[in-house]
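Excluded from the calculations below are hydrogen atoms, water molecules and symmetry mates; all remaining heavy atoms, backbone and side chain alike, are included.
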Amino acid sequence: MAYSRLNFTKNWGNEADFPRYEESETQVRADLQELHDQTRSFLNRTLIPELEAEVFGGKTYLNKTVPVTAWEADDTIALFPYKADIACAGVLDYDVPLVTFAQTDADSSILCPLAETRANAVRIFASEVPANAVSVLSIFCVKGGAE
């Protein structure tokens, strides 16, 4: 598999991008931060999902939102009687999901730490219907057992 390559929007060798001498410390910090942000974004959004897919045979889904209206009653897990399905194209009902919630949602203590898969969806559970939409930073699904 060929991996994506990291490319920056600015070039250190181009004086228009980075002058030989910059008097403004604020500008120097902004330039360094921009390069850092581009690197972080590439690693987290491009390279790591590619590696995960090749090494683990998995799929990665980023930045999902679960609206309050998506929740409905369910008796699968007694302590978490509400469920919501998150659309994730290509997920199989026997895949194994790892869901990472935004910090504020994870801290709420109403979301179940376990999730399960359905065809083209990941199902999460809650002890009550959340007052606000739930932010899911990432979902990583690996191939589970046989169908």
Side-chain angles (χ1 to χ4, degrees), residues 1-14 16-18 25-147:
M1 173 180 188
Y3 296 108
S4 298
R5 300 289 180 214
L6 173 60
N7 294 307
F8 292 105
T9 59
K10 291 185 176 182
N11 182 329
W12 284 112
N14 183 350
D17 291 339
F18 299 102
E25 181 179 346
T26 302
Q27 184 60 50
V28 171
R29 289 181 181 277
D31 290 339
L32 289 172
Q33 186 64 50
E34 181 179 347
L35 294 174
H36 169 79
D37 292 345
Q38 289 178 27
T39 303
R40 180 183 58 210
S41 178
F42 171 78
L43 290 173
N44 291 337
R45 296 178 185 218
T46 305
L47 186 59
I48 289 174
E50 287 177 4
L51 291 171
E52 288 171 337
E54 182 171 328
V55 173
F56 299 110
K59 303 170 194 79
T60 302
Y61 305 87
L62 301 172
N63 303 317
K64 298 283 190 172
T65 300
V66 183
V68 173
T69 56
W71 295 94
E72 58 186 60
D74 179 72
D75 62 3
T76 302
I77 303 174
L79 293 175
F80 298 93
Y82 295 92
K83 69 179 180 183
D85 288 345
I86 303 167
C88 296
V91 170
L92 303 173
D93 59 0
Y94 55 86
D95 286 348
V96 178
L98 174 61
V99 178
T100 304
F101 297 105
Q103 189 70 46
T104 53
D105 292 315
D107 287 345
S108 73
S109 299
I110 67 170
L111 297 172
C112 182
L114 304 175
E116 58 185 34
T117 56
R118 297 283 183 264
N120 295 308
V122 171
R123 179 167 290 170
I124 60 174
F125 300 90
S127 59
E128 61 188 63
V129 174
N132 299 304
V134 172
S135 295
V136 177
L137 299 180
S138 67
I139 300 171
F140 179 62
C141 292
V142 295
K143 293 286 182 221
E147 292 183 43

Can you measure from [atom1] ([X]) to [atom2] ([Y]) and round to the nearest 0.5 angstrom?
| X | Y | atom1 | atom2 | answer |
| --- | --- | --- | --- | --- |
| Leu32 | Gln27 | CG | CD | 10.0 Å |
| Leu62 | Leu137 | CG | CG | 9.0 Å |
| Glu128 | Leu111 | CD | CG | 9.5 Å |
| Cys112 | Phe101 | SG | CZ | 8.0 Å |
| Ile139 | Ile86 | CD1 | CD1 | 4.0 Å |
| Thr26 | Asp31 | OG1 | CG | 11.0 Å |

Where is the tightest heavy-atom contact between [X] and [Y], given as atom of each residue plus distance?
| X | Y | answer |
| --- | --- | --- |
| Ala70 | Val66 | CB-CG1, 3.9 Å |
| Ala121 | Val91 | O-CG1, 3.6 Å |
| Cys141 | Thr117 | SG-CG2, 4.3 Å |
| Ala133 | Pro67 | CB-CA, 4.1 Å |
| Phe125 | Phe80 | CB-CB, 3.8 Å |

May I ask you to check whether over 12 heavy atoms, not counting those of Arg29, lie within 6.0 Å of atom CZ?
no

Can you tell me if Glu25 has over 12 outside heavy atoms packed within less than 6.0 Å of its CD?
no

Within a strict 4.5 Å, meaning less than it, do heavy atoms of the [X] and [Y] side chains meet?
| X | Y | value |
| --- | --- | --- |
| Tyr61 | Val122 | no |
| Phe42 | Leu47 | yes |
| Leu92 | Lys143 | yes |
| Lys64 | Val99 | no |
| Phe8 | Asp17 | no |
| Glu116 | Thr76 | yes |

So the salt bridge (Lys or Arg N to Asp or Glu O under 4.0 Å) pairs with at least one residue in residues 78-90 (sequence neighbours excluded) are Glu72-Lys83, Asp74-Lys83, Asp85-Arg123

Hey, does the side chain of [X] reach the backbone of [Y] with a donor-acceptor pair shorter than 3.5 angstrom?
| X | Y | result |
| --- | --- | --- |
| Ser108 | Asp105 | yes |
| Lys59 | Gly90 | yes |
| Ser135 | Ala102 | no |
| Thr39 | Leu35 | yes |

For Leu98, the side chain to side chain contact (heavy atoms under 4.5 Å, CB included) test, sequence neighbours excluded, returns none

